Amino acid sequence: MQTVRNRKTSKPGATQTETVRDVATLRAKVREWRLNGESIGLIPTMGALHEGHLALVKAAMRTCDRVVATIFVNPTQFAPSEDFESYPRDEADDIAKLNALSTDLAFMPNVDEMYADGFSTSVSVSGLTEGLCGADRPHFFGGVATVVTKLLLQSLPDRAYFGEKDYQQLQVVRRMARDLDIPVSIVGVPTIREADGLAMSSRNWYLSPDERAVAPALYKTLLEIAENIDRDGPCGKAIDAGSTALAAAGFGPIDYISVCDAETLEPLERVDRPARVLAAAYLGRTRLIDNVAAG
Ligand code: AMP
């Protein structure tokens with residue numbers, strides 16, 4: 001007889017994380033769990049795992065019987081000038097962290113497994129992807145939407161978990177899953193921060209000690225903008241003050257600071273509905289992004 005494991009009563013460290021590198025084995029594992037009546041949660045990541053990623057794993061653990069984390073540095077979401085080659089990678093450390101949480105499976109395909117010879121399909125989400133990060137990184141959301149669609153179809157999870165840290169990405173994935181009738185519920189998880197407010201990110205590794213000391217100014221500025229909008233009304237003035245504060249702290253260039261509708265990401269003049277303040281700015285050579293709720 002097959003047993004249904006109750007995730008909520010299993011102890012941390014009780015399950016050894018299985019590493020899988022090919023889609024066929026991933027599918028076989030998921031089929032086995034499904035036959036057992038177990039639910040599945042998926043956490044797509046690019047690795048170099050930190051507490052932000054692990055918060056997604058923990059959220060999945062609370063509601064799913066089986067948890068699959070994927071680690072794949074996806075080349076199609078990097079422009080040739082970007083950091084694909086130097087992006088931090090530490091497989092052994094990632095597996096140890098997933099193991100410590102009793103994650104069931106780490107799916108770690110190589111590029112050929114994901115993009116076979118002749119690969120020629122892409123998923124593109126219009127509207128939502130055109131502003132903010134999409135304006136300066138036009139390749140980015142196509143790469144993300146395509147790889148997330150593949151990961152969802154490969155693992156067919158009940159729920160997939162994404163961080164609010166990458167707020168535009170979360171909305172794009174929600175739209176894409178809805179538009180393509182992918183039977184998955186997309187769950188957003190609040191941003192995990194360092195004690196000084198800096199949003200955890202694999203790219204924080206790039207910061208020099210001096211830059212690291214300045215980096216929390218991004219979050220602080222976003223909070224100030226959200227507060228000023230609540231008090232004053234029009235967004236323009238608050239954004240200008242925020243931009244000046246970021247430049248004075250040492251950020252530059254600033255890609256964008258914007259106040260947007262929380263769902264459609266349409267820019268707002270006044271906050272008359274749930275909104276988000278979002279920014280992307282360089283600190284030295286490192287591009288940091290962050291966002292907070294407003295309204
Ligand atoms: P990445 O490995 O950067 O592609 O991120 C994988 C997932 O982890 C995405 O859904 C991110 O939004 C999420 N994530 C990254 N950093 C954080 C954070 N500090 N807090 C919450 N989620 C995060």
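In each ligand, atom 1 is the first atom listed, and ligand 1 is the first ligand listed. The model shown is predicted, which means the values in this text are computed figures rather than measured ones. By convention here, the first residue in the shown sequence is residue 1.
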When you measure from [atom] to every protein heavy atom, which one gives the shortest distance, and what is it?
| atom | answer |
| --- | --- |
| atom 12 (O) of ligand 1 | Asp166 OD2, 2.6 Å |
| atom 18 (C) of ligand 1 | Gly52 CA, 3.6 Å |
| atom 22 (N) of ligand 1 | Gly163 CA, 3.5 Å |
| atom 20 (N) of ligand 1 | Ile192 N, 2.9 Å |
| atom 1 (P) of ligand 1 | His53 NE2, 3.6 Å |

Test of proximity, [X] against ligand 1: N or O pairs below 3.5 Å:
| X | value |
| --- | --- |
| Met200 | yes |
| Phe162 | no |
| Leu56 | no |

Is it true that Ser86 and Asp83 share a donor-acceptor pair across their side chains at a distance under 3.5 Å?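 The answer is no; no qualifying pair exists.
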Residue pair Tyr161 / Thr63, side-chain donor-acceptor N/O under 3.5 Å: yes
Pi-cation contact, Phe251 with Arg287 (under 6.0 Å, within 45°): no
Salt bridge or not for [X] and [Y], using N-O below 4.0 Å?
| X | Y | value |
| --- | --- | --- |
| Lys97 | Asp90 | no |
| Arg276 | Glu164 | yes |
| Arg34 | Asp158 | yes |
| Lys58 | Glu51 | yes |

With heavy-atom distances below 4.0 Å as the criterion, list the atoms of ligand 1 near [X].
| X | answer |
| --- | --- |
| Pro44 | 6 (C), 7 (C) |
| Thr45 | 2 (O), 6 (C) |
| Met46 | 1 (P), 2 (O), 4 (O) |

Using the ring of each side chain (for Trp, its six-membered ring), is Tyr87 parallel, tilted or perpendicular to Phe78, with breaks at 30° and 60°?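 Perpendicular.
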Is there a donor-acceptor contact under 3.5 Å from the side chain of Glu113 to the main chain of Val23?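 Yes: the side chain of Glu113 pairs with the backbone of Val23.
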Check whether any heavy atom of His50 sits under 4.0 Å from an atom of ligand 1.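 Right, His50 reaches ligand 1.
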Return the option from Arg203, Gln169, Lys165 holding the heavy atom at the smallest distance from atom 23 (C) of ligand 1.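 Nearest option to atom 23 (C) of ligand 1, by heavy atoms: Lys165.
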Pick one of side chain, backbone, both or neither for how Pro190 approaches ligand 1, counting any non-hydrogen atom pair under 4.0 Å.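 Within the 4.0 Å criterion, Pro190 contacts ligand 1 through backbone atoms alone.
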